[in-house]
Amino acid sequence: MNSSTVVEAVLVARGLTRAFAHADGPVEVLRGVDLEVVPGEVVTVSGRSGSGKSALFALLCGFDKPDSGSVEVCGQVMTGAPEWGDCAVLPQALGLAQELTLAENVALPLRLSGRRDVVHERVTELFAELGISRLADRYPGEVSYGQQQRAALARAIVGRPRVLLADEPTAHLDHGSVAAVLALLRRTAQDGAAVLVATHHDEVHAIADRRLALADGRVVPV
Ligand SMILES: Nc1ncnc2c1ncn2[C@@H]1O[C@H](COP(=O)(O)OP(=O)(O)OP(=O)(O)O)[C@@H](O)[C@H]1O
Ligand SMILES: [Mg+2]
């Protein structure tokens, strides 16, 4: 790429605010968040527990609506949840369908977008890379939380989304599994996705092109 080429951000947040009602009054968790992520980069977001990382990710993927401000995904101002192929998410709470096997969960985005022909190849490849091949036919309730977490990451990546949001993707993993997840996040960016990761882990920050922190309701560079 020419050094003067301007790469357009595929994820843009402007002035996001979000308050939650509590018994002793509203708590303003996000107070004007601005951020941009361009294709090919991994950006990490740190911040103490309760600082609002997951609340921010819920706004970025359309699970929740801001009180003010806007989100643009792939040049479109978001009005509802964007297409999974444009913006896919690994939520902190995972959200796997309990009545489907891990392989069926991961295949779902491809089936829903009519790409049944590549289901077997993509699911097999991702399960091998994440070290969960032998668990493909088990249900979420029959595997550990860390194993479910890797399946939920595979489900987010399987359709090659243009924006990937991963909320604490290594929270429940051993050292070897962390390395596999980090390699996959890096490759997803190399393949052209914009990757935003919330994390408390230094080894995740170490693979980032840029580091951000959420503090006092705003995002700042680290
Ligand atoms: N739906 C909700 N209703 C009320 N309060 C909420 C809701 N969602 C989040 N909050 C509050 O917003 C704040 C930020 O929560 P959030 O889950 O975003 O933190 P976090 O930075 O992701 O923390 P962690 O690192 O523990 O995952 C917390 O004080 C939480 O209680
Ligand atoms: Mg969180």
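Source: prediction; values computed, not measured. Whatever order the structure lists ligands and atoms in, that order sets their numbers, starting from 1.
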Do the side-chain N and O atoms of Thr188 and Asp191 include a donor-acceptor pair separated by under 3.5 angstrom?
no
Taking the side chain from Glu121 and the backbone from Val118, do they hold a donor-acceptor pair closer than 3.5 Å?
no
If you apply the rule side chain to side chain contact (heavy atoms under 4.5 Å, CB included), what do you find for Val73 with Leu11, and how did you get there?
CA-CA 5 Å; Val73 171; Leu11 177 65; 4.0 Å; yes
For Val29, the ligand 1 atoms with a heavy-atom partner under 4.0 Å come out as 12 (O), 13 (C), 14 (C)
Distance from atom 26 (O) of ligand 1 to nearest protein heavy atom, with residue and atom:
Ser49 OG, 2.5 Å
For Lys53 and His200, what are the C-alpha separation, side-chain angles and deciding distance, and is it a side chain to side chain contact (heavy atoms under 4.5 Å, CB included)?
CA-CA 11 Å; Lys53 301 179 297 297; His200 293 285; 3.6 Å; yes
Side chains of Ser54 and Gln92: any donor to acceptor distance under 3.5 Å?
yes
Non-hydrogen atom of Gly50 closer than 4.0 Å to ligand 1:
yes
Any protein heavy atom at under 4.0 Å, with atom 2 (C) of ligand 1 as the reference point?
yes
Residue, atom name and distance, where the atom is the protein heavy atom closest to atom 17 (O) of ligand 1:
Ser54 CB, 3.7 Å
Could you tell me whether any N, O or S atom belonging to Gln92 is less than 2.8 Å from the Mg ion (ligand 2)?
yes
Students should be able to answer this: which protein heavy-atom is nearest to atom 11 (C) of ligand 1, and at what distance?
Phe20 CD1, 3.9 Å
Can you sort out which atoms of ligand 1 are near Glu168, meaning under 4.0 Å from one of its heavy atoms?
24 (P), 25 (O), 27 (O)
Rounded to the nearest 0.5 Å, what separation is found between the OG atom of Ser133 and the CD atom of Glu125?
11.0 Å
Relative to the heavy atoms of His22, which atoms of ligand 1 are at a distance of less than 4.0 Å?
4 (C), 5 (N)
From Arg155 CZ over to Trp84 CH2, what is the distance, rounded to the nearest 0.5 angstrom?
5.0 Å
Leu214 vs Val33 side-chain heavy atoms within contact, under 4.5 Å:
yes
For Ala55, the ligand 1 atoms with a heavy-atom partner under 4.0 Å come out as 18 (O)
Under 4.0 Å from any heavy atom of Arg48, which atoms of ligand 1 are there?
21 (O)
